[in-house]
Amino acid sequence: MSESVSGTASADVEAISTGIDDMYEAFLRGDRARFDAYLHAEVTVWETHLPGPLRTRAELDAYREERDQSGARPVLDGLRAQDRRIDVWGDTGVARYVLVAEPPGAPAEYSRVTDVLRRTGDTWLIVHHHAELLGP
């Protein structure tokens, strides 16, 4: 993680990092409400495996409903962010990290991720998520 100069910025960096960990833990537990608590309603989601950019949480929800009903929701043994760099400028934060997804009985998959966040009150919400699959 990158270091920040002021105590407030350091606390914000830590809050963003902790939120990322909690969000992925929520995914592993199938706790969609907890996962979604980190997403802004107008979040854009661009990921290698998704069918084009999803421009709102409503579009993301529609994609997930269809995926889950078809039985294609990913099952993972682990999901973690590593090699983090988080910067904060006022009410804007950017988190860059490598996401490691561990499917059962298969090699780990690595994705390069950038999350842009906005502070809303005391909460940091992801307004843009971009993930590019790097491979095993």
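What you see is a predicted model; the values in this text were computed from it and never measured.
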Going by heavy atoms in the side chains, are [X] and [Y] under 4.5 Å from each other?
| X | Y | result |
| --- | --- | --- |
| R34 | R29 | yes |
| R118 | T92 | no |
| L60 | L39 | yes |
| Y24 | L99 | yes |
| L79 | V100 | no |

* **Under-4.0 Å salt bridge between D87 and R96** =>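 Yes.
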* Asked: Does a salt bridge link D36 with R64, judged by any charged N lying under 4.0 Å from a carboxylate O?
  ->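 Between R64 and D36 there is a salt bridge, with a charged N closer than 4.0 Å to a carboxylate O.
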* **Non-neighbouring partners of E47 that pass side chain to side chain contact (heavy atoms under 4.5 Å, CB included), sequence neighbours left out** =>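 Side chain to side chain contact (heavy atoms under 4.5 Å, CB included) list for E47, sorted by chain: V45, H49, L50, H129, A131.
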* To do: Report the distance from atom CD1 of I86 to atom CD1 of I16, rounding to the nearest 0.5 Å.
  =>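 Between atom CD1 of I86 and atom CD1 of I16 there are 6.0 Å.
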* Spacing of CD1 belonging to I20 relative to CD1 belonging to I126, to within rounding of 0.5 Å ->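 Between atom CD1 of I20 and atom CD1 of I126 there are 6.5 Å.
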* Asked: Do E66 and S70 have side-chain N/O donor and acceptor atoms under 3.5 Å apart?
  ->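 Short answer, no.
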* Asked: Between the side chains of T114 and H130, is a donor N or O closer than 3.5 angstrom to an acceptor N or O?
  ->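 Judged by distance alone, the side chains do not pair up.
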* Mind checking whether W46 and L117 sit in one hydrophobic cluster, side chains of I, L, V, M, F, W, Y counted as touching below 4.5 Å? ->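 Each belongs to a different hydrophobic cluster.
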* Asked: If two hydrophobic side chains count as joined below 4.5 Å and joins carry through other members, does W124 share a cluster with F35?
  ->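 Linked within one cluster.
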Identify the heavy atoms of [X] and [Y] that sit nearest to each other, and give their distance.
| X | Y | answer |
| --- | --- | --- |
| G19 | Y38 | CA-CE2, 3.5 Å |
| P103 | A108 | CD-CA, 4.2 Å |
| R84 | S17 | NH1-OG, 2.8 Å |
| E42 | H40 | N-ND1, 2.9 Å |
| V43 | H128 | CG2-N, 4.1 Å |
| G78 | L28 | C-CD2, 4.0 Å |

* Is the Lys NZ or Arg CZ of R73 less than 6.0 Å from the centre of F27's six-membered ring, within 45° of the axis? ->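 Yes, R73 and F27 form such a contact.
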Can a donor-acceptor pair be found, under 3.5 Å and without considering hydrogens, that links the side chain of [X] to the backbone of [Y]?
| X | Y | result |
| --- | --- | --- |
| R112 | Y97 | no |
| E59 | R55 | yes |
| T18 | E14 | yes |

* Asked: Would Y110 and E132 count as a side chain to side chain contact (heavy atoms under 4.5 Å, CB included) if you check the C-alpha gap in whole Å, the side-chain angles of each, and the deciding distance to 0.1 Å?
  -> CA-CA 9 Å; Y110 298 83; E132 176 185 3; over 6 Å; no
